[in-house]
Structure formats: structure tokens, C-alpha cells
Amino acid sequence: MDYNFREIEQKWQKHWKENAVYKVLNNSNKPKYYVLDMFPYPSGAGLHVGHPLGYIASDIYSRYKRLQGFNVLHPMGYDAYGLPAEQYAIQTGQHPEKTTFDNIARYRSQMDKIGFCYDWSREVRTCTPDYYKWTQWAFLQMFKHYYDKDADKALPIDNLIKIFEKEGNAKVNAATNFDTTFTAAEWNAMTDKEKRAVLMNYRIAYKADTMVNWCPKLGTVLANDEVSDGLSVRGGFPVEQKVMSQWCLRVSAYAQRLLDGLEKIDWTDSLKETQRNWIGRSEGAEMRFRIDGTDDYFTVFTTRADTTFGVTFMVLAPESEYVAKVTTDKQRQEVEKYLDAVKRRTERERIADRKVSGVFSGSYAVNPFTGDKIPVYISDYVLAGYGTGAIMAVPAHDSRDYAFAKHFNLPIIPLIEGCDVTNESYDAKEGVMCNSGFLNGLQVKEAIAAAKKYISEKGIGKVKVNYRLRDAIFSRQRYWGEPFPIYYKDGEPFPLDESELPLKLPEIDSYLPTETGEPPLGHAKNWNTKEGYPLELNTMPGFAGSSAYYLRYMDPTNNNALVSKDANNYWRNVDLYIGGTEHATGHLIYSRFWNKFLFDLGYICEDEPFKKLINQGMIQGRSNFVYRVVGTNKFVSLGLKDQYQTQEIHVNVNIVKNDILDTEAFKNWMPDFKNAEFILEDGKYVCGWAIEKMSKSMFNVVNPDDIVENYGADTLRLYEMFLGPIEQSKPWDTNGIDGVHRFLKKFWGMMFSGDELTISDAEPTAEELKILHQTIKKITFDIEHFSYNTSVSAFMICVNELSRLKCNKRAVIEPLIILIAPFAPHIAEEMYHLLGHDTTVCDASFPICNEKYLVENTVKYPISFNGKTRFTLELSADASKEDIEKTVLANEQTAKFLNGGSPKKVIVVLGRIVNIVI
RNA sequence: GCGGAUGUGGCGUAAUUGGUAGCCGCGCUAGACUUAGGAUCUAGUGUCUUGCGACGUGUGGGUUCGAGUCCCGUCAUCCGCACCA
């Protein structure tokens, strides 16, 4: 009987759907296991063959865990808010919801064809009010909480108000940029408006004037992770720095916990390292420098307090608020000229062109260690966003300061014995200090500690840990996102009441900014509260909806909570999360932050959302080329192309097989090629190839639907896994797919002889059992280690060997079917059914390896010499002592080891050689 | 510059974790069955050599009886961060 995969797959997909086979309940005696895929943004292009890679891997693991008796939560949904749908709406006027839902339908049908075991009853879409109600709810919680550094958690802002009323803010240790101290009396004397302004500095979701990444082309601000090399990640448009009043999330308050949390989760080292870099912890000191001739100070952050004796000038970032204070009248014109020039450069230009520039402010600062007067400069090599936006410059030991000093001819004082700073700075933290007063003679590391101690003791500054991680800019001037549950009264923001959620996204006529430059929501009619107060016009960014979606799957229809306590206590957090590395510094930071915040408030029971994370590699495209003889309509095969002058043309990979062009299909592919002629080699047209990104323009997009149509979903699933290790990026190459398809046919054929189903109930032989149990052992090990490519190989070997033995015994084939079910569920289901079962294969139990069938007929003998295992001899299990000794003498390795001499004695204990005496 | 990862046949990869390098698959070669083959089956397929045999895991050293695997250096590719003080 032929392996009719089309019929089998349709039949079982229908059965699974109709019987809700993969529906999961929130209560079970079984242990839970939560397997999650990063939900996709449904783009208009649909899924290509690379997208399901991670989904297949997680599906295999889900099915495996289920077969092992776990209650497995394996949901799927859509990250439905996003720029492309909105850009499309601007171009076509079509409502982004329409496009998004159409795309979702397409995604769903593509996914369904692959036979995933998602519990679709739990589907979430971030753009539906039922869902974003909880995104808005979380935002309100963030608005109503502040971060207490002593408690090291988020606490209600009401608590803070009580403290202010009782004792002011002097003892409050909270995450804030607010540095004014007030007493209880001062607080109580403030107007409500003043109080709200103060509190805004403490809220975890707060509105502030901040330097933002403004993308004029997209008409919106972007978060740091949405900008790369001064260009927007989406669209690649230039981004500039600009001060705007924006909603922000105080992610930085969680920097240390986000860092510490990495220790207890099972992610790859490289991903953890990426997050550590992004968080960017650095230990140092904050130091105050007095501005000469005034009582004013400014503060710098440094990790090299030990080099303070070598500070020969100071530098401020152009955007620093100190700039105005230190600029003297004499220098004003020049400073303004410089600031203007800096302002006009985009971030991108600033990065591209790093030649030294700067201007003297006219003021001097006083070095707190030496009392020397040192000039204060302004330069764009100092970033406003990091530390305090001001630095102490140590040209001898910092390459950037060095370049600046050389350019402006400023003094360079070496501080480490024997270092040579005539041509470059000495940046290494090694050596013995000199020219450094009380630090002389110390090693650099000792000096850093001593200098920090001195700074604290003398009140010059304090020891400080700085993080690169910035607060997340949380507003976007776009339409297609979650509305903020915020309204304005006298220009001041107020939160809506939780009972008013969800605040639904209104319909608008135009998706462009308003004429007055307001975001698109400015077009909405009646965009007010009941009382007539205007609502916030910004919407939330893409990461808002994806930050807690994993919690919502636990309890997707709950109208009273994001997730009920019971559901959360049962499912806890994600055991296995699979997705791409591109979210390393975006989603994976934000959702950890979001989760920790909800954890602080006691709504959820786990501090980290994703216990284990696997990054599937990217699937690149494998493009094919034809070679057109220049100026003709002749196409020459790859091997002969050097004899002509040719032009390389991308050809649709779907009309090429094994790099051989289907010439007829080529003629029909495009009108231009209708009369194409071919110069063949060996009667074939051989195409060239290259690995490129999978994209329409390269004609190398392979659609999973086509593979399913031609080979079946099971073949697609197996082949994607067979391609190589899951974490590795690799090109898609349909060429090898016949191999796994053949394997499935062979596997199918094991149950038939001709068209007749032939299953024997005979006892399996020892050899058959050994093959089976070896395979069980190998597959179990491989699945546990996510080594699916070797699993597929193991299946192939197993089926080859059993076919060779013509094994058609139920006792062998049935466990094998269950073993293979996670990988190729449709064929397994059908075969399981043919064996007479009326339950589905996913209710079976995963086979367990019985070691007794694996007993080797050889035994390994480790050979020790002088107490150290030297090598291993492999002998037949029933070898006698004499056999062993004889083998030892005859063994080439042993002979080499013994260096030609013969052993006086071979000591054998319990049939095991433990020592050889020469 | 800092950090992470990877280098094995024509190609994708594997190697019981220090023990016969190249499993499995693609491709290729030959053969069988076929009107036919882009179907199926069988055998072969790292390189050099007629052969015996020698060489062989980017590269150079080292440790070891034994190294793809461990150590030191070096080259190449990919990724992350980057005027971060």
C-alpha cells in the first residue's frame, strides 16, 4: 500500500480539530510542562519555510512530554500590533485590523497544515480588547508603583506619599532621577499639582522630558533596541536625538535584578552575555568637581578613580544641563556655534564620523585631589545619556581623552610607572601608580579601591554602580497600538480607573499625524473621558503586548484578572521557550522586567518568566542563478558559462531541482524568457547557487505549503529537523528532502506486504529488541538534548536495520510508532490506528529503554598502569583470563605502551584488567 | 576595541564526551528491474597510490600510549556591544 500522505494528514488534522485532542485543562494530577514559541507578528508575506523551524522543535518537545505523562501547555497567538500593518494602512487606507486579521488567517492555515499540537482555544491576539485590557492594566499598576531600593521591589506609590507626609524624602531610597530633598513640612505645603509633579519622578511608568530616538520618517519615537547604527530597525530610516515629553518605564530600576536573574535561568551563554552587555553594569565612583570661582559643582562618573591625579581637563556632553552654567560670556558665541553644529548632525553621522571636535567653555574646574585648575570643554564624544553626561578626562590612560588632548594640545600626565604615552594612551588596568600622591606605589587595582575610599571619606563623592540600561521609552506617535489609560486635566496626566478598562482603540479616518502634528489618535472623534477630558494621543509600543502574553495563555478568557492565582500557581512559568536571538535586547528584557514587576506586586508566583530558552537558527535562502549570454536570449549552463560573456540572473528556486533547471517551466516563468534558448551540458541546464537572505527579490522563498503539498507535513517536519542542529543558522536546501521522504515510505512499508496489512504477533528476536531499545535510548537522549537532527538519523538507521531483517512484529513496530509520533505525528497516528487502536497516539506512553536488551557481547577493559587508566581493551564478554592476557600481549596499543617489553604480570580482578606489571 | 560562537569529504552533518574520524542523508559512480525514470532496489564513494601503504578534522606548537575532542599561539568566518568614561 502506498504511503498516501495527503489523505492521512488531512484525515488526522481534521480528527484532532474535531475532537479537540490538544485541548489542555488547568487542572490535572499530572505534572505540568509549559512549552512556548515566540508568537509571530503576522506579516503580509506569510510564513516561509524558515519560520516553522522553532515551532516544529517545540511541537516535538510538547508531544514528547505529553507522551511522558505531562500535562503540557503549548499555546500559540499573534503579536498583532505593529508598524507594517499601519504603514500599509497609510498607503491603502485599509484598516490595520483588517490586514492583520487576514494575515493571521493565512498564518493559521499554514500552521495547521504542518500539524502542530497547539491548544488553539487559548489563542491570544495582542490587538483585541480582551487582551489589551491587561496590557493597560499593567501600565496602570506601573503608574501606581515606585521602586524601593531598600525593599528591592516595587511598592505602592500611596506608601511613598505616607512617608513624604511623615518625614519628607530624605530617607527614601527609591529609583528616581529626582535629587531635591524636602521635609515633611515642605511636602505638606506643596499644592496637589506640585505633589503630582514630584511623584511623577518616582512612578515606574512615568512621563518625562527625555532625550529620545525620533524617527521623522516613521513619525514616531523608538526604543533603543529598535534603533541600530542610527537607523530604525523597521524600515531603516534615519533616527535623530530629540528631547520630548514621553511615557517611560523605569526598567533601569530592575537592572541589577535582571542581571542577577540570568544566573538562575538556563539560556545560552551568548544570549546571557548579550543581555549582560545591554544592561552594562560598571562599578565606579561619582565625584563632584567644583566649578572654579563659584560654589557650583558638577558630578562625573568614573570607573578609574585611581587616575584622578591625571585629570587635566573636563568634558561635558553638548546636551548636558551644566553647559549653560559653565559657558562664560566670552566663549558663548563659540559654544553656541558648536552646539548648533552638533545638533544638526544625525546620530548616524555622529557614529560614522568620529573625528575629534569640541569647544572650550571658558570655565575651569578644580581637581579635588590636587586642587589644580583644569579647563572644562564641551564635546560630543561624551554621551548625555550615560553616567552624568560629564567626564573627568585622563588623557594618559583613556584613548578618547588622549585623542582629545592631542587635538587641543592639553597636558598628558602619565600615572603608571614605566608606561609610554608619547604615541598612545595606556588603557590597561595594570602596573604601579606614580605621580599620584597618596596612591603612589600601589597596584592599579589597589589604587582604585583606595581612591574610592578616599572619595567617600572626604565627601568628594560616593561609590556608585552605573548601568547602561536605559528606561524604556513607552509611547509611540502611532495609531495601531494599545491606547494609554490616561487622560489630561489642565495638561496634567491622570490615570483612568481600572473599571474603565479596556479603553478601546477608536476608529479614525486617517492614519497620518494631524495637521497640528498630533499623533493619529488626534483624528479620533470623542476621544475623551465621560467628563470630557481629552485622552492620551500616544499609543504603546510593540513590546507592550508581548511582555506578559505567556501569562495570559494560562487563563486566556479570564475577565477579572490577567491570570488567576490558581492558573498561575499551576502553570507557574515557561519551562521551555523557543525563539530567535533577535529579541535578546528587546522582548526578552522587557518581559523579564514586566514579569518581575508583577511578581513584586504578588500577582504571579515566579520571578523569571522563561526557565529554559533555545534560540533556533535563522534559515537562509539558497538562491539559484541562470547565466544569460549578454545581449541574447540564450542561457548557458553553469559549467560552460566561462566560455561566454554572461549576466547572472536570479531564477525562481521552485523551478529548479537539485540545481537542474526545468527549462520548460523557466520559459513560462516570465514573459521575457518565453523564447529562451539553452546551452546545455550533458543534456541538462545546471544552475549556479548562493546563500542569501530568504526574500522575494531573490526568488529563493520556499513556502512550507508547497513542501507539504509535494512531500507531506511529516516529511517537512522531519526534514527541517534533519537539516542540522536547531540552534545553528543554515540555508534551506530542498535537495536533501527525498532522503527523509524515502525513509517515511520505508517506515510505512514495514506494515505492508503489497497492499496487505501484515503485522505479526510473534515474539521479537534478541537482535530486533536490541535495535529497538538502542533506538529508544538514543531518541530519548537526543530529544532531551534537543538534538533532533541525530534523532532523525537514529530513526533511519533503525528502520533500515529492521527492514533488512524484514521485521513486521507488532512488539517492535508499535513502540517505534510512538517513538516517532512527536516528529511525524500524522503517519504515526495512522499506523497506530491500523494496529487496531481507537485512541490517538498522543495518549500512548513513550517507550522506555530496557537496558537488558542492550547487553553488549563485548566488555571494555580499562587498563591501568601506575594507578592511572591508560587505555581500554574491548574483548568478548566471555573471555577467560588467559584470553585477556593473550590479547593484552597481542594488542598493538599495548605493545606500543609497553615499549617492546613483555609484562611480568597482568592483574585481572573480576574479569577486569586493573594493572600491568612490567 | 570588548565579549560570544564556529571551522571535519563535493554538500548538510555525526563521533559513545580523550579511544578504529567521517554515522545518517544529499550528490556522484556502477549494476538490477523497467517502454521510460526526477520511481524502486543492490554495491561503491575522504585524499594520494596500480598496489602495499601513506596522509587526513583551518593552521603552528604542546600534554598523552592515544587528540576532531584538552592546553598555548595563530588565521578565517559569523553574531552581540561599542566615543559606556
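Lettering of chains follows the sequences in order, A, B, ..., and the numbering in each one begins at 1.
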Under 6.0 Å between ring centres, would you say that holds for [X] and [Y]?
| X | Y | result |
| --- | --- | --- |
| A:F404 | A:F313 | yes |
| A:F823 | A:F795 | yes |
| A:Y402 | A:H397 | no |

Between [N] and [M], how many Å separate the two [atom1] atoms, rounded to a whole number?
| N | M | atom1 | value |
| --- | --- | --- | --- |
| B:G27 | B:G19 | C1' | 32 Å |
| B:C26 | B:U16 | C1' | 26 Å |
| B:U59 | B:G51 | C1' | 33 Å |
| B:U8 | B:G58 | C1' | 10 Å |
| B:A32 | B:A15 | C1' | 34 Å |
| B:C41 | B:U47 | P | 25 Å |
| B:A67 | B:G62 | C1' | 11 Å |
| B:C28 | B:C78 | P | 31 Å |

Pairing partner (Watson-Crick or G-U wobble, both distances under 3.5 angstrom) of [N]:
| N | answer |
| --- | --- |
| B:G22 | none |
| B:U40 | B:A32 |
| B:G27 | B:U45 |
| B:G7 | B:C75 |
| B:A82 | none |
| B:G56 | none |
| B:U16 | none |
| B:G68 | none |

Quick one about A:T790 and A:S793 (side-chain donor to acceptor, distance below 3.5 Å, no hydrogens or angles considered), yes or no?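 No, because no side-chain N or O of A:S793 sits under 3.5 Å from a partner of the opposite role on A:T790.
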If you measure only the distance, is there a donor-acceptor pair under 3.5 Å linking the side chains of A:Q774 and A:Y853?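 Note: A:Q774 and A:Y853 side chains miss the donor-acceptor criterion.
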Look at the side chain of [X] and decide which nucleotide, out of [options], has an atom nearest to it.
| X | options | value |
| --- | --- | --- |
| A:D662 | B:C81, B:C24, B:G38 | B:G38 |
| A:E273 | B:G80, B:C81, B:G3 | B:G3 |
| A:K746 | B:C81, B:C41, B:A85 | B:C41 |
| A:F722 | B:A85, B:C24, B:A15 | B:C24 |
| A:N277 | B:G80, B:G4, B:C83 | B:G80 |
| A:R468 | B:A85, B:C81, B:C41 | B:C81 |
| A:P725 | B:U40, B:C81, B:A14 | B:A14 |
| A:S270 | B:A85, B:A82, B:G4 | B:G4 |
| A:D380 | B:C83, B:U40, B:G80 | B:C83 |

Have a look at [X] and say if it touches a base, only the backbone sugar-phosphate, or nothing, with a 4.0 Å heavy-atom cut-off.
| X | value |
| --- | --- |
| A:N735 | sugar-phosphate |
| A:N800 | sugar-phosphate |
| A:P731 | nothing |
| A:I391 | base |
| A:R742 | sugar-phosphate |
| A:N789 | sugar-phosphate |

In terms of the angle between their ring planes, are A:Y3 and A:W748 parallel, tilted or perpendicular, with boundaries placed at 30° and 60°? tilted
Provide, to the nearest angstrom, the distance between the [atom1] atom belonging to [X] and the [atom2] atom belonging to [N].
| X | N | atom1 | atom2 | answer |
| --- | --- | --- | --- | --- |
| A:I726 | B:A14 | CD1 | C1' | 17 Å |
| A:M721 | B:A14 | CE | P | 13 Å |
| A:R470 | B:C81 | CZ | P | 16 Å |
| A:D733 | B:C11 | CG | P | 13 Å |
| A:N615 | B:G80 | CG | P | 12 Å |
| A:Q275 | B:A82 | CD | P | 14 Å |
| A:F743 | B:U40 | CZ | C1' | 18 Å |

For A:E430, is there an ion pair with A:K445 - N to carboxylate O distance below 4.0 angstrom?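 So A:K445 does not pair with A:E430 through a salt bridge.
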Determine, for A:E263 against A:R276, whether the closest basic-nitrogen to carboxylate-oxygen distance falls under 4.0 angstrom. yes
Under 3.5 Å, is there a donor-acceptor pair between the side chain of A:R281 and the main chain of A:I279?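 Pair absent, no side-chain N/O of A:R281 close to backbone of A:I279.
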Torsion-based syn/anti label for B:G9, 90° from 0 as limit: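 Syn conformation here, the glycosidic angle of B:G9 being no more than 90° from 0.
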Its glycosidic angle compared against 90° from 0, B:U17 adopts the form syn
Hey, is the side chain of A:S282 poking within less than 4.0 Å of OP1 or OP2 on B:A85, counting only N and O atoms?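 Looking at the OP1 and OP2 atoms of B:A85, one of them is under 4.0 Å from a side-chain N or O of A:S282.
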Nearest-nucleotide comparison on RNA chain B, the residue closer to the 5′ end among A:K778 and A:L271: A:L271
Please tell me which of A:G389 and A:Q728 maps to the more 5' nucleotide of RNA chain B, matching each residue to the nucleotide holding its nearest heavy atom.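 Comparing both residues, the 5'-ward one is A:Q728.
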